[in-house]
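Quick notes on the structure that follows.
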There are 2 protein chains.
Amino acid sequence: MNEPSTIRPRRITSYDVARAAGVSQSTVSRCFKDDTKISPKTRDHILRIAREMGYTRNALARSLITQRSNMVGVIATAFTIRNNPELIYAVGDALQNSGNSLFLMVIKDDDSIGASLQKAVEYPLDGLICCAQMPPDWIEQFATRGVPLVFFNRVVETTVADCIALDHATAGQRIADVLFEAGHRSFVCIRGPDRAPVSQLRVEAFQNRLHSLGIGTIPTLSTDFSYAEGRRSFLDLMARMDRPDAAFCANDQLGLGVLDACRFDLGWQVPDDISVIGFDDIAEAGRPSYALTTVRQPIVDMAETAVSMLLERMEEPDLEARRIMVQGELIRRSSARLAGT
Amino acid sequence: MNEPSTIRPRRITSYDVARAAGVSQSTVSRCFKDDTKISPKTRDHILRIAREMGYTRNALARSLITQRSNMVGVIATAFTIRNNPELIYAVGDALQNSGNSLFLMVIKDDDSIGASLQKAVEYPLDGLICCAQMPPDWIEQFATRGVPLVFFNRVVETTVADCIALDHATAGQRIADVLFEAGHRSFVCIRGPDRAPVSQLRVEAFQNRLHSLGIGTIPTLSTDFSYAEGRRSFLDLMARMDRPDAAFCANDQLGLGVLDACRFDLGWQVPDDISVIGFDDIAEAGRPSYALTTVRQPIVDMAETAVSMLLERMEEPDLEARRIMVQGELIRRSSARLAGT
DNA sequence: TTGTAGGCGTTATCAG
DNA sequence: CTGATAACGCCTACAA
């Protein structure tokens, strides 16, 4: 008959090692725990044999009995991954340093989170860092199941999950203030997708502040948060209106697009003809080719804090919910004419 | 006495559902398999009760018996994550579409892969996509254990793993050719870390080609692959030598740094005073502020292919090793004076 | 179609 | 210090 040319080899288990070492399976198991009593002699003996046989503990089987998978889920949108890759690295690194693993669930946008949440409870994960919006009933769900949850840059009204976020609103106001003080009186806004909460917070705070300073309606465009859309939509807008004094962009990608539109498509001088301000302080914003004035979001610090909060809550599930608001730092560069300090 | 204010709730199991529904545990289990025979009536009944109780199958327990965790590991360096975030997204998305999950292991650089490999066998993962160098004995290890393995942009001489990589060498030669044809005769190279294989392949091919065209030793600097280092080290070099005709940078980040050094620090005209060429075609390279001539690496396509290859091998472990070399596309922009076509 | 029983690879609890 | 034995939560013959 036809016999398979290769069979997936059976995994070597602690029983195999036990047999080879002439001890019981539980003794083998004990070898790999630190705080247990076992004679150094047998331990060495068993460990050597285990190494020879290529034995490794099965983490899945272990987590079944210990009730901990040592895996932490991270839910992140395409945009977050593209725009803040350091976040992924920082979170992964911090998790690994604490003996956990990173179970990454990527989603298209904030609205397509469903399947990931399902997976998070199925696996089950020891904790969850969510960089996206989550329906309230799911938040409850995780709380009931005792799965620690930290929101990253998504503000949620709940008492059962921690959250860390930039204070987008205060920063948006601040930008309105410094532009106004510098004498700017006509503005436009380029924002991200309508459903992106981060964009919304930044832009609304900006607009509200200007309104209270007596500025009327501010022309505002929604885009997909990308350089290309920022550039294109700004040109669109400029074809229909006079040049404003200043443009506020909900993130740096948009800001770079607007800058290039000004310089290369419209032939305007920045900041003499127009001030441009972005948000995030991504690497490119600081380069001399752009020198974009922006608000710095300390993403790596925030990532590390998020992991710490999660780990704390994993230790101490009864901790009351914490809400950390990180203040952004205004980074003054040459893309905007601003009033001094 | 003190009683815990919260206890981690016991997980609801299929036994709980069975009891509530008045059936046996195995019947509950069967409800969640498609191809099994069960009367529609009892199925609906059980599913409804399961939903009411908030029951979800435990994926870990399931994988213990099915011998598949449905988790695929991805090992990526800090640099890869930072510079090719789309890779992470694309891989994650493709995996999820095939019913698998992404177990992400981040490492500092190619040399610090050890712990991740250990985890990969421990968990155990159903497959591994490795974007880093791997010691040969570990490659064997995975083969013996029957864990499918795909290398991404790392060329390995092995018959037991697939690999997909850009043809860095051919691209490096090509750049040498077009620069030489355009009349350039003096060159410098800015490369990545000494241990970064990708950088090495690109630069060595470039240098070898020029040697065979009669060009002598080419001043070459090693850096950390970053914009800042590219800019700084190029300035260093220029302080010690005459202006070369062209600079080849092992990636676009370096290229952008060198461009800014030329324009903002040295006051040179690009490409009149010097031609600058990068590698990767990252988004910023295409923007008018830079317009960096470079080689396009179709990272998303490559990511999807890598996942396909892995899935195929998971189905068919006996497949013989495949080695896909992707040809890069020279993208001509205004940072380099090149010969036609 | 449904129930019974054994097993996946560990860890934990007790005796010895 | 070590060895039985019972979980952990599920899947899957096999029997009914």
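In what follows, chains carry the letters A, B, and so on, assigned in the order in which the sequence lines appear, proteins first and then strands, with residues in each chain numbered from 1.
- Distance, B/Gln25 CD to D/dC8 C1': 13 Å, rounded to whole Å.
- A sub-4.0 Å separation between OP1 or OP2 of D/dG3 and a side-chain N or O of A/Thr27 is present.
- The existence of a salt bridge linking A/Asp162 and A/Arg322 is confirmed by a sub-4.0 Å separation between a basic side-chain nitrogen and an acidic carboxylate oxygen.
- Sequence order on DNA chain D of the closest nucleotides to B/Arg30 and A/Leu64 puts A/Leu64 first from the 5' end.
- At a threshold of 4.0 angstrom between heavy atoms, the contacts of A/Phe32 with the nucleic acid are absent.
- Among the atoms of the strands shown, base atoms are found under 4.0 Å from some heavy atom of A/Ser29.
- Aromatic ring centroids of B/Tyr55 and B/Tyr15 lie 6.0 Å or more apart.
- Here the side chain of A/Arg313 pairs a donor or acceptor atom with the backbone of A/Leu319 at under 3.5 angstrom.
- With rounding to the nearest 0.5 Å, the separation of CZ in A/Arg68 from OG in A/Ser63 is 10.5 Å.
- When rounded to the nearest whole Å, the span between CZ of B/Arg11 and C1' of D/dA7 equals 16 Å.
- The CZ-C1' distance, from B/Arg62 to D/dG9, rounds to 11 Å in whole Å.
- The side chain of A/Ser14 places an N or O atom within less than 4.0 Å of a non-bridging phosphate oxygen (OP1 or OP2) of C/dT10.
- Two rings, from A/Phe103 and B/Phe103, have their centers 6.0 Å or more apart.
- Between A/Thr13 and C/dC8 there is no side-chain N or O to OP1 or OP2 distance below 4.0 Å.
- The base of D/dC11 lies outside donor-acceptor range of the side chain of B/Gln67, with no N or O pair under 3.5 Å.
- Counting only heavy atoms from C-beta on, B/Lys37 has its side chain closest to C/dT1 among C/dT1, D/dG3, D/dC1.
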Problem set entry | Step-by-step side chain to side chain donor-acceptor pair (under 3.5 Å) determination, B/Ser29 to B/Ser26 | CA-CA 5 Å; B/Ser29 177; B/Ser26 48; over 6 Å; no
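- No hydrogens or angles were tested; on distance alone, nothing pairs the side chain of B/Ser26 with the base of C/dT2 as donor and acceptor under 3.5 Å.
- With no hydrogens or angles considered, a side-chain donor-acceptor pair links B/Ser101 and A/Lys119 at under 3.5 Å.
- Side-chain nitrogen and oxygen atoms of B/Lys33 include at least one within less than 4.0 Å of the OP1 or OP2 phosphate oxygen of D/dT12.
- When each of D/dC1, D/dG3, C/dT4 is scored by its nearest atom to the side-chain atoms of B/Ser24, the top-ranked nucleotide is C/dT4.
- For the OP1/OP2 pair of D/dC10 and a distance below 4.0 Å, the side-chain nitrogens and oxygens of B/Tyr55 include at least one atom meeting the criterion.
- Contact annotation for A/Thr42: backbone-only contact, meaning every heavy-atom pair under 4.0 Å involves sugar-phosphate atoms and none involves a base.
- As rounded to whole Å, 14 Å separates atom P of D/dC11 from atom CG of A/Leu60.
- Using a 4.0 Å heavy-atom cutoff across all strands shown, B/Arg57 reaches sugar-phosphate atoms only and no base atom.
- The overall bend of the helix from C/dT1-D/dA16 to C/dG16-D/dC1, read as the angle between its terminal helix axes built from five base pairs each, is 40° when rounded to 10 degrees.
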